[in-house]
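Structure record follows, encoded as C-alpha cells.
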Amino acid sequence: MKGQFITFAGTEGSGKSTHLNLLAETLRDGGRMVRVLREPGGTPIGEEIRHTLKHSRQNHAMTAEAELLLLNASRAQLVREVIRPALAAGEAVLCDRFYDSTVAYQGYGRQLDLTLIRTIIDFAVGETRPHLTLLMMVPLGTSEARRQERQGKGPAVRDRFEEADRAFFERVEKGFQEIAADEPRRVVLIDSTRDMAAVRADIWQRMAALLKQAESA
C-alpha cells in the first residue's frame with residue numbers, strides 16, 4: 001500500500017504543529033511508519049531557505065515575488081528529495097504547511113496573482129498532492145492572543161511573516177476559507193478553539209476514514 005500524504009494548514013496560533021505531532025504519535029502507536037515535515041524546510045536546502053524567509057536579519061527588503069519563488073524552491077526540493085520516496089515506501093507523510101498556505105499567504109495576504117501562484121505551485125509539486133488537508137482555524141483575535149502568549153514564553157525568535165499587519169492576516173483567513181470551500185473533499189475545517197482532546201479526536205476520525213479508504217482501494 002502506498003503512503004498517505006496529510007498536510008496541516010491554518011492561521012498562526014491554531015495548534016497545527018501540536019496536533020500534527022499528536023497525530024504522528026497515534027499513527028506510530030498503531031504501527032505505521034510516519035515522516036514529519038515542515039514547510040518551508042524539511043531538507044538541508046529547504047532549512048536554509050526557511051532561515052532566509054523567516055529569521056534572517058537581512059530579509060527586510062524581500063519582495064512578495066521573491067518570497068513566493070523561495071517558498072516554491074524549498075517545496076520542489078522537499079517533494080523530490082523526501083515526500084515522493086516516503087510515499088512510495090508506504091509511509092504516512094505529515095507536513096506542517098504545504099501549498100495551501102502559499103495560496104492564502106502570498107495570494108490573498110500579499111495579493112499576488114492567484115493564477116500565477118497556482119502555475120508556480122504546479123511546477124514545484126507536479127502530481128504530488130495531499131490526500132487530506134486539515135485546516136486548523138481560530139478567530140483572528142484568538143490567533144493574536146496565542147501568538148503573544150507564545151512570544152512571552154521564551155527568547156524572542158524573529159518571524160518575518162508574523163510582522164505583517166492585521167489586514168494581512170484578515171486576508172489570509174479569507175483565503176483559507178475560500179480554499180476550503182473550493183475543495184471540500186480534500187480540505188477539512190477543524191475548529192481549533194475547542195479543548196485539545198476534542199480537536200485530537202476530530203482529527204483522528206478524519207485520518208481513520210482516510211486509512212480505511214486506502215485499505216479498501
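What's counted below: heavy atoms across the whole structure, side chains too, no hydrogens, waters or symmetry copies.
Taking CZ of Phe8 as the reference point, atom OG of Ser192 lies at 10.0 Å (rounded to 0.5 Å). Atom CD1 of Ile179 and atom CG of Asp100 lie 5.0 Å apart (nearest 0.5 Å). Here the straight-line distance linking atom OG1 of Thr142 with atom CE of Met137 works out to 11.0 Å at 0.5 Å rounding. Here the CZ atom belonging to Arg186 is positioned 12.5 Å from the CG atom belonging to Leu210, to the nearest 0.5 angstrom. Atom CD of Gln4 is separated from atom CG of Leu94 by 10.0 Å, given to the nearest 0.5 angstrom. Note: Leu70 CG to Ile49 CD1 = 6.0 Å, rounded to the nearest 0.5 Å.
The pair Arg129-Asp122 meets the salt-bridge criterion, since a charged nitrogen lies less than 4.0 angstrom from a carboxylate oxygen. Ion pair Arg166/Glu170 flagged as a salt bridge, since at least one NZ, NE, NH1 or NH2 atom sits closer than 4.0 Å to an Asp/Glu carboxylate oxygen. Using a cutoff of 4.0 Å between basic side-chain nitrogens and carboxylate oxygens, Arg206 and Asp202 are scored as salt-bridged. The residues Lys212 and Glu215 are annotated as not salt-bridged, no charged nitrogen and carboxylate oxygen being separated by less than 4.0 angstrom. Using a cutoff of 4.0 Å between basic side-chain nitrogens and carboxylate oxygens, Glu25 and Arg200 are scored as salt-bridged.
Heavy atoms of other residues, nucleotides or ligands lying less than 6.0 angstrom from CD of Glu48 number 12 at most. Counting heavy atoms of neighbouring residues, nucleotides and ligands inside a 6.0 Å radius, atom CD of Glu163 exceeds 12 of them. In the displayed structure, Met62 atom CE is contacted under 6.0 Å by more than 12 heavy atoms of other residues, nucleotides or ligands.
The shortest non-hydrogen separation linking Ala92 to Leu27 is CB-CD1, 4.2 Å. Shown here for Ser17 and Asp96, the closest heavy-atom pair between the two residues is OG-OD2, 2.5 Å.
Of the N and O atoms on the side chains of Ser143 and Thr11, not one donor lies less than 3.5 Å from an acceptor on the other residue. Between the side chains of Thr102 and Arg75, at least one donor N or O sits under 3.5 Å from an acceptor N or O. Counting only N and O atoms by type, the side chains of Arg160 and Ser56 include no donor and acceptor under 3.5 Å apart. Looking at Tyr99 and Glu39, their side chains never bring a donor and an acceptor atom within 3.5 Å of each other. A donor-acceptor pair shorter than 3.5 Å can be found between the side chains of Arg97 and Tyr105.
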_Full working for side chain to side chain contact (heavy atoms under 4.5 Å, CB included) between Lys2 and Leu87_ = CA-CA 6 Å; Lys2 289 186 178 181; Leu87 292 174; 5.9 Å; no

_Worked verdict on Glu47 versus Arg38 for side chain to side chain contact (heavy atoms under 4.5 Å, CB included)_ = CA-CA 9 Å; Glu47 290 299 322; Arg38 67 178 183 177; 2.7 Å; yes

_Using side chain to side chain contact (heavy atoms under 4.5 Å, CB included), reason through Thr7 and Leu134 one step at a time and then give a plain yes or no._
CA-CA 6 Å; Thr7 60; Leu134 298 159; over 6 Å; no

*Evaluate the criterion side chain to side chain contact (heavy atoms under 4.5 Å, CB included) for residue pair His19 and Met196; output intermediate values, then yes/no.*
CA-CA 8 Å; His19 284 286; Met196 185 175 290; 3.7 Å; yes

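Side chain of Arg80 to backbone of Ala124: a donor-acceptor contact under 3.5 angstrom is found. Distance alone, capped at 3.5 Å, is enough to place a donor-acceptor pair between the Thr26 side chain and the Leu22 backbone. A donor-acceptor pair is defined here as one N or O able to donate and one able to accept, closer than 3.5 Å; no such pair exists between the side chain of Arg84 and the backbone of Glu81. Within the 3.5 Å criterion, the main-chain N or O of Pro40 finds a donor-acceptor partner in the side chain of Arg50. Remark: side-chain polar atoms of Asn59 are paired, donor with acceptor, to backbone N or O of Thr52 under 3.5 angstrom. In this structure, the side chain of Thr43 does not engage the main chain of Leu78 through any donor-acceptor pair within 3.5 Å.
Transitive grouping of hydrophobic side chains (ILVMFWY, heavy atoms separated by less than 4.5 Å) keeps Val138 and Ile190 in distinct clusters. Linking ILVMFWY side-chain heavy atoms closer than 4.5 Å, directly or via other members, places Ile121 and Leu114 in a single hydrophobic cluster. No single ILVMFWY cluster, assembled from side-chain heavy atoms under 4.5 Å apart, contains both Leu71 and Phe123. Leu116 and Tyr108 fall within a single hydrophobic cluster, where Ile, Leu, Val, Met, Phe, Trp and Tyr are joined by side-chain heavy atoms under 4.5 Å apart, directly or via other members. Taken together through direct or relayed side-chain contacts under 4.5 Å among Ile, Leu, Val, Met, Phe, Trp and Tyr, Leu211 and Leu20 form part of one hydrophobic cluster.
For Phe161 and Phe168, the ring centers are positioned 6.0 Å apart or more.
Side-chain atoms of Thr133 and Ile6, non-hydrogen and from C-beta on, never get closer than 4.5 Å to each other.
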